Every structure is written in C-alpha cells, then in structure tokens.
Amino acid sequence: MNNNSIAYFALPLMDESVNLQGLIKDIETQDYPHKVLVACVNQYNHWWDDENYKHICIDNSKSLEILKNITGIKVIILDNSSKGNGWSRKKGGVGRARKVIMDTISQVALPNDIIISIDGDTRYPQGYATSVVNYFNRNRGASGLAIPYYHRLTNKVTDRLILRYEIYMRYYLINMLRIENPYAFTAVGSAMACTVEAYRKSGGLTPVAAGEDFYFLQKLSKRGVVGIWCDTMAYPSSRFSDRVMFGTGPALIKGNAGDWSSYPLYHFRFFDEVKHTFSQFYGLYDNNQTVLPMEDFLRKQFNDDNLWEPLRRNYKDINNFVRACYNKADALRILQYLRVKQSEIEDTDESILVAYLEKYHGDDVKKHNLVIPDNPDFSTSNIHFLSSVRDLLFDIETIQRKRTISKK
C-alpha cells in the first residue's frame, strides 16, 4: 500500500438525484488525488410498467444524466436502471448493486487499491479518502475498515427515531468493544472500506436481500482484521426507507409505528456471557467438558451435539482451533444469542441503559452533565435528552475505537 493507491468510491444509486450533486461535490473536493467514482444506478426492470414505481425510474434517468456530465473526476457508470437493464424480480436490491460495483472494481484495480463504500444520501468531509488510505498504509495486515459515522439531524419527526436507532447501535458496539470481541464493528454500508486484495480473498460481497454490509464485514473479519478507527467520519441522513428488510430505513419505519422490538438494548450481562464463551475456547482445545454459556444455543443453531470435536480433528494447532471456534460463533450467532437471551427478560431498554451507565460510565455521565430523569421513556423524552445520550455514547465509543489502534 502507498499513497499512489487508487481510492474507488463504490456508489449504489436509486432515487437519489436530489442528493447526487452534493455527493459529487464531496468526492470532487477530496484532497486525495487518485480517485475514481464507480456508480451503479439500479432498480427492478418491471418498475417501468408499474405506476407506483415510475417516479423512481424517472429519477434514476436524471441520475444517469448527472453522472454522464461529471468532468472533475473519472467516473465508471453501471446502468442497471434503463429499460431492459434493470434487475430481474428475484435478483436485485442494494446488496446486488454493491456487489456489481465492487466486482467491477476488483476486475480493473490493483490489489493495493482501496474500495470505499458510500451512499447517495451521505456526506463526506474533504479529507475522508486520505484518512481511509492512510489507515491501510499504517495497518498493512488489515482487510477492512468500519468507519466512524454520525447521523445528521433534520429537525423533523425522524430525529427522534434516528437518535433511538443510534443509541441501539452505539450501545451494542460499546459492549462488544468492552468484552474485546473480534466481531466488534458497526455495519454501515455508507461507511466501510477494504483493500481490493482483501475483497478478492474474501470471495467478494454476497448480495443478500438485506444486511449485505453486516455479512461482508463478518467475512472480512474471518480472514483478517477489520479496523474501526480512522480520523474521519461519514454523515448519513436520517430518512425513511423500506428498500431492505433491516437497517436504518426500516428501523425508522418500525420505530415510527412504536415497534423497536428488533433493536433492543441487550442486557450487558449477556455480553459478559459471550465474553466468557470466547475466553474458554483455548481450554476447549484440550477439555471437552468445558462448559460454555453459548453452548446449548450453538448446538440448537447447528443441530449438532458434537460441535467441537470435528474442529479438534481438523485443526491440530491450538491457535487455528480457536480461530475456527471464532468463525463458528461469529457475529451473526452472537446477535442471535443476544436476541434469544433478551426475550427471556422483561427489563425495558431505558432501565438497561441506565443500569449500564451507572455500572460502567458514571464519571462520563457527570462530565457530560447528563441529567437522567426518573423512569426515562425514549418514546416521550425530549429530543435534547435523546441527543445528549447519543453524544455521550458517541464519545465513549470514540475513545474505545481509538484504543483498538494502540492495541495493535
């Protein structure tokens, strides 16, 4: 890696013409000189014949024209939106678009070039690409990077919803970092990057219906280190979207209906159970009687009462055995385990957060002058309180992200 590496901005676009000019300006004014924009304007082909979606088709045509008129940077346009070029009914979505873009980059780029995943509704500061490239220069063994983010508020109804969602996301990462789990990352498709070499070795992005960013970072984590700190930040928008089954947009839609069941604040003691499980993997190599908190859950998930013996046979070296255990009890299994355990308790999200802050971050609460009301309720608390909680967790998370650099 060096400062001659090309930074490829990977941009899926659908119904984004109103945001596109601002995003293009962000990319054109990046101070990193070697940059290419690869944009995939995409939609389902049958939308051209559906009046409910015709406006998206028209908007995508506008985006194509905007992209064709860019002169400040090199642009590669992938047209999966014009009549006859759109996705089939069974193969489409943002995951498909990201894969098509990244596969295209992989075909033309060098191993040391960088793929920077971005979104049309997200804004990027001038030094964004430089900070990302510098991260990979300093961390030669890293395969990926989950970049810090901070949702922009709009003084609309979505402010309350995005703050609640960010509280969920930041609380989760803070606890994963607290227990020093190898899958401690936040999957935000508009704020992640990897080397072209790592992309190729991982087998590329899997175009799942939703959560392609989560599964991709999990893939990268199984092959190497996914960093979580560089000195820059992405600024996503807080808008409604039902284009995928989970993620920011769907979270806001469900939250607006009062349903946050898919985004709970998992009790911190369940994270401790995950930590204890992972800490026992070394002992598990020689002792089949080791009891793991996640054992019964994993047996049910894999429908296998003999989880570890095959790994012992296949991995004679203890470090490779432990790595295989990590790969088995991966980020998805951890999340599923937390969901199962959370369903067994009746604690509210608010009470869990208050208990967590009292146990681990009392001094931080005081430094932020955060006044926590009796029996707080996220659905009725004022925006200022929610914003203050978000910023408290953001600061705690930032400190923990930075510490991961010093541990390498």
Side-chain angles (χ1 to χ4, degrees), residues 26 116-119 122-139 142 144-153 159 162-194 213-214 217 220-221 225-238 248 263 265-266 268 271 275 331 352-354 356-370 372 383-408:
D26 284 353
I116 302 177
S117 180
I118 63 175
D119 276 344
T122 303
R123 302 307 302 267
Y124 300 91
Q126 187 179 53
Y128 192 82
T130 297
S131 293
V132 171
V133 173
N134 284 344
Y135 169 82
F136 288 105
N137 280 334
R138 291 192 300 266
N139 300 274
L145 177 62
I147 301 161
Y149 68 95
Y150 191 89
H151 283 93
R152 292 170 284 142
L153 300 183
D159 284 359
I162 198 61
L163 288 169
R164 169 62 181 82
Y165 183 60
E166 256 201 57
I167 288 170
Y168 156 78
M169 294 175 71
R170 297 194 186 283
Y171 173 85
Y172 180 85
L173 179 57
I174 287 169
N175 275 282
M176 289 290 278
L177 287 167
R178 178 177 65 81
I179 65 173
E180 298 182 303
N181 192 270
Y183 296 106
F185 57 75
T186 299
V188 179
S190 59
M192 63 182 187
C194 69
D213 45 6
F214 174 86
L217 289 177
L220 292 175
S221 295
V225 174
V226 171
I228 60 171
W229 174 253
C230 66
D231 192 18
T232 191
M233 194 175 308
Y235 295 90
S237 72
S238 54
T248 306
Y263 310 94
L265 302 192
Y266 305 106
F268 45 88
F271 288 95
K275 179 179 182 179
I352 290 172
L353 179 63
V354 170
Y356 167 78
L357 291 175
E358 288 178 349
K359 183 176 179 66
Y360 293 104
H361 296 288
D363 289 342
D364 294 311
V365 171
K366 291 178 182 177
K367 288 178 183 177
H368 277 252
N369 296 314
L370 178 62
I372 301 176
I383 296 297
H384 175 73
F385 173 71
L386 293 176
S387 181
S388 297
V389 173
R390 188 265 294 261
D391 288 346
L392 168 65
L393 297 179
F394 171 79
D395 286 349
I396 294 170
E397 178 187 307
T398 298
I399 291 171
Q400 291 183 343
R401 283 181 183 252
K402 289 180 178 180
R403 285 175 180 165
T404 63
I405 293 293
S406 63
K407 291 179 181 179
K408 294 177 181 177

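What you see is a predicted model; the values in this text were computed from it and never measured. Quick note: numbers below take in every heavy atom, side chains included, and nothing from hydrogens, waters or symmetry partners.
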How long is the straight-line distance from [atom2] of [Y] back to [atom1] of [X], given to the nearest 0.5 Å?
X: F185; Y: T404; atom1: CZ; atom2: OG1; answer: 13.5 Å
X: F394; Y: E166; atom1: CZ; atom2: CD; answer: 8.5 Å
X: T232; Y: Y135; atom1: OG1; atom2: OH; answer: 14.5 Å
X: R390; Y: I383; atom1: CZ; atom2: CD1; answer: 10.5 Å
X: D26; Y: Y124; atom1: CG; atom2: OH; answer: 8.5 Å
X: T130; Y: D231; atom1: OG1; atom2: CG; answer: 11.5 Å

- request: Would you confirm whether R178, through its side chain, and F268, through its main-chain N or O, come within 3.5 Å as a donor-acceptor pair?
  value: yes
query: Do Y150 and D391 meet the criterion of a side-chain donor-acceptor pair at a distance under 3.5 Å?
result: yes
message: For a quick check under 3.5 Å, do H151 and Y165 share a side-chain donor-acceptor pair by atom type?
response: no
Specify the closest pair of heavy atoms between [X] and [Y], including all atoms of both residues, with the distance to one decimal.
X: A193; Y: I116; result: CB-CA, 4.2 Å
X: L386; Y: I167; result: O-CD1, 4.1 Å
X: S117; Y: G189; result: OG-O, 2.6 Å
X: Y128; Y: S190; result: OH-O, 3.9 Å
X: A331; Y: Y172; result: O-OH, 4.5 Å
X: A184; Y: I228; result: O-CG2, 3.5 Å

Is there a side-chain contact between [X] and [Y] (heavy atoms, below 4.5 Å)?
X: C194; Y: L145; result: no
X: P148; Y: T398; result: no
X: D395; Y: D364; result: no
X: L177; Y: E180; result: no
X: Q400; Y: L173; result: no
X: Y171; Y: I352; result: yes
X: I118; Y: T122; result: no
X: N181; Y: K275; result: no

- request: Take N134 and C230, measure what side chain to side chain contact (heavy atoms under 4.5 Å, CB included) needs, and give me the verdict at the end.
  value: CA-CA 8 Å; N134 284 344; C230 66; over 6 Å; no
- request: For I179 and M176, run side chain to side chain contact (heavy atoms under 4.5 Å, CB included): C-alpha distance rounded to whole Å, both residues' side-chain angles, the deciding distance at 0.1 Å, then the answer.
  value: CA-CA 5 Å; I179 65 173; M176 289 290 278; 4.3 Å; yes
field: Ring geometry between Y266 and F271 (parallel below 30°, tilted from 30 to 60°, perpendicular above 60°)
entry: perpendicular
message: Please verify the inter-ring angle class for Y356 with Y360; under 30° counts as parallel, over 60° as perpendicular, anything in between as tilted.
response: tilted
query: Going through the distances and angles, do L392 and V365 end up as a side chain to side chain contact (heavy atoms under 4.5 Å, CB included)?
result: CA-CA 7 Å; L392 168 65; V365 171; 3.9 Å; yes
message: Quick check: Y235 with Y149 (ring centres under 6.0 Å apart)?
response: no
- prompt: What's the verdict on side chain to side chain contact (heavy atoms under 4.5 Å, CB included) for M192 and D213, showing C-alpha distance, side-chain angles and the deciding distance?
  reply: CA-CA 8 Å; M192 63 182 187; D213 45 6; 3.8 Å; yes
